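Predicted model only: the values in this text are computed from it and were never measured.
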Amino acid sequence: MSGIKAGDSFPSDVVFSYVPYAEESQEFSSCGIPINYNASKEWADKKVILFALPGAFTPVCSARHVPEYQERLPEIREKGVDVVAVLAYNDAHVMSAWSKANGVKNDDILFLSDPDAKFSKSIGWADEEGRTKRYAIVLDHGKVTYAALEPAKNHLEFSSAENVIKQL
C-alpha cells in the first residue's frame with residue numbers, strides 16, 4: 001500500500017503499544033507497564049488526529065511538532081476531536097518518558113509506539129531506516145478525512161497542528 005488518503009477506511013487491525021498515564025507513575029524513575037492499544041477498535045466511533053514523526057526527543061519533533069499540538073489542544077477539542085495521538089517507532093517506554101518530558105497528563109495526547117514501524121510500513125510511510133515518517137491522519141468514525149505525508153524528515157507543514165486544524 002502506498003499511503004492512505006481521504007475516503008479510505010482506517011485499517012481494521014492496527015495495534016500500537018503505549019504506557020497509559022497514571023498519577024502514581026509521573027516521575028521519570030517510574031516506568032509503567034506497556035499495553036497494547038487497539039487503535040482500530042478504540043477509534044472506530046471517534047474523531048481522531050494521529051500525527052507521526054521520526055522519533056522522540058529529536059529536534060523538530062521536540063521543539064515544534066509536539067508543543068504546537070499541546071498549545072492548540074483546546075482549539076482542537078472545540079472542533080470535536082476526541083483523541084489526539086502522536087506516533088513514533090520508539091518503544092512504549094521511550095514514548096512514555098517523552099510524554100513526561102513534555103508535561104502531558106491524563107492522556108491528553110496519547111504517546112503511542114509503532115513497534116518496528118509496522119503500521120507506518122503498511123501504508124508505505126516509513127523511511128529506509130525503519131522509522132516512522134512525519135505525517136498526519138484525521139479520522140472520523142473510522143474514515144480517513146485527511147492524510148498527508150511530509151516531503152522530508154525535517155519538513156513540518158502538512159502535519160502541523162495549524163494545518164491539521166484547518167482540515168477539521
- Task: Spell out, as yes or no, whether a donor-acceptor pair under 3.5 Å connects the side chain of His141 to the backbone of Asp45.
- Result: yes
- Item | Side chain to side chain, Val144 and Ile137, heavy atoms closer than 4.5 Å | yes
- One should read off an interatomic distance between Asp116 CG and Arg131 CZ, to the nearest 0.5 angstrom, of 13.5 Å
- Message: Looking only at side-chain N and O atoms, does Asp91 offer a donor or acceptor that is under 3.5 Å from a partner on Ser113?
- Response: no
- Item | From CZ (Phe10) to CG (Asp8), nearest 0.5 Å | 11.0 Å
- Message: Please give me the minimum heavy-atom distance between Pro34 and Ala92, naming the atom from each residue.
- Response: CB-CB, 3.7 Å
- Measure across Leu87 and Ser120 and return the closest heavy-atom pair with its distance rounded to 0.1 Å. CD2-OG, 4.3 Å
- Item | Asp108 versus Arg77, closest heavy-atom pair with distance | O-NH2, 2.8 Å
- Item | Separation between OG1 of Thr132 and NZ of Lys118, rounded to the nearest 0.5 Å | 15.5 Å
- Item | Atom pair CD1 (Ile49) and NZ (Lys47), whose distance is rounded to the nearest 0.5 Å | 8.5 Å
- Message: Walk me through whether Asn163 and Glu157 qualify under side-chain contact (heavy atoms from CB on, under 4.5 Å).
- Response: CA-CA 7 Å; Asn163 187 63; Glu157 178 184 351; 5.7 Å; no
- Item | Test item: Val66 and Trp98 side chains (from C-beta on) under 4.5 Å apart, heavy atoms | yes
- If you measure from CG on Leu112 to OG on Ser96, what distance do you get to the nearest 0.5 Å? 11.5 Å
- Does His65 use its side chain to pair, donor to acceptor, with the backbone of Val86 at less than 3.5 Å? no
- Task: Determine whether Lys153 and Glu129 make a side-chain contact, defined as any pair of heavy atoms from C-beta on separated by less than 4.5 Å.
- Result: yes
- Taking every non-hydrogen atom, the tightest pair across Phe57 and Ala101: CE2-CB, 3.8 Å
- Message: For the backbone of Leu53 and the side chain of Arg134, can you confirm whether one donor and one acceptor N or O come within less than 3.5 Å of each other?
- Response: no
- Please check if Met95 and Val15 belong to a single hydrophobic cluster, counting links between Ile, Leu, Val, Met, Phe, Trp and Tyr side chain heavy atoms closer than 4.5 Å. no
- Query: In this structure, are over 12 heavy atoms from other groups packed under 6.0 Å from Ile35 atom CD1?
  - Reply: yes
- Query: Under a single-linkage definition using a 4.5 Å side-chain heavy-atom cutoff for Ile, Leu, Val, Met, Phe, Trp and Tyr, are Val94 and Ile109 assigned to the same hydrophobic cluster?
  - Reply: yes
- Taking the six-membered ring for Trp, is the centroid-to-centroid distance between Tyr69 and Phe51 below 6.0 Å? yes
- Task: State, to 0.1 Å, how close Pro151 and His155 come at their nearest heavy-atom pair, and which atoms those are.
- Result: CD-ND1, 3.3 Å
- Item | Residue pair Trp125 / Gly3: nearest heavy atoms and the distance that separates them | NE1-CA, 3.3 Å
- Message: If you define the side chain from C-beta out and look only at heavy atoms, does anything of Leu149 sit under 4.5 Å from Phe158?
- Response: no
- Worked verdict on Asp140 versus Lys143 for salt bridge (charged side-chain N to carboxylate O under 4.0 Å, His left out): CA-CA 5 Å; Asp140 195 346; Lys143 287 283 185 205; over 6 Å; no
- So do Val81 and Val48 actually touch side chain to side chain, heavy atoms under 4.5 Å? no
- Are the side chains of Tyr21 and Lys105 in touch, meaning some heavy atoms are under 4.5 Å apart? yes
- Message: Determine whether Arg72 and Glu162 satisfy the following criterion, side-chain contact (heavy atoms from CB on, under 4.5 Å), listing intermediate values before the conclusion.
- Response: CA-CA 8 Å; Arg72 311 259 331 239; Glu162 178 180 8; 3.4 Å; yes
- State the OG-NZ distance between Ser12 and Lys41, to the nearest 0.5 angstrom. 13.5 Å
- Message: Walk me through whether Tyr18 and Asn36 qualify under side chain to side chain donor-acceptor pair (under 3.5 Å).
- Response: CA-CA 7 Å; Tyr18 99 120; Asn36 283 340; over 6 Å; no
- Would you indicate whether the side-chain heavy atoms of Ser160 and Ile165 approach each other to under 4.5 Å? no
- Message: So does Val138 get a backbone contact from the side chain of Gln167, meaning a donor-acceptor N/O pair under 3.5 Å?
- Response: no
- Item | Trace of the side-chain contact (heavy atoms from CB on, under 4.5 Å) decision for Val84 with Ile76 | CA-CA 9 Å; Val84 177; Ile76 290 167; 3.8 Å; yes
- Give a yes or no answer on whether the side chain of Ser99 reaches the backbone of Phe111 with a donor-acceptor pair at less than 3.5 Å. no
- Item | Any donor-acceptor N/O pair, Ser40 side chain to Val14 backbone, under 3.5 Å | yes
- Under 3.5 Å: donor-acceptor pair, side chain of Lys46, backbone of Glu42: yes
- Message: Taking side chain to side chain contact (heavy atoms under 4.5 Å, CB included) as the criterion, tell me which of Asn38, Leu50, Asp82 meets it with Trp43.
- Response: Leu50
- Task: Specify whether Phe16 and Phe119 have parallel, tilted or perpendicular ring planes, treating 30° as the upper limit for parallel and 60° as the lower limit for perpendicular.
- Result: perpendicular
- Query: Are Pro20 and Tyr37 side-chain neighbours, meaning at least one heavy-atom pair lies under 4.5 Å?
  - Reply: no
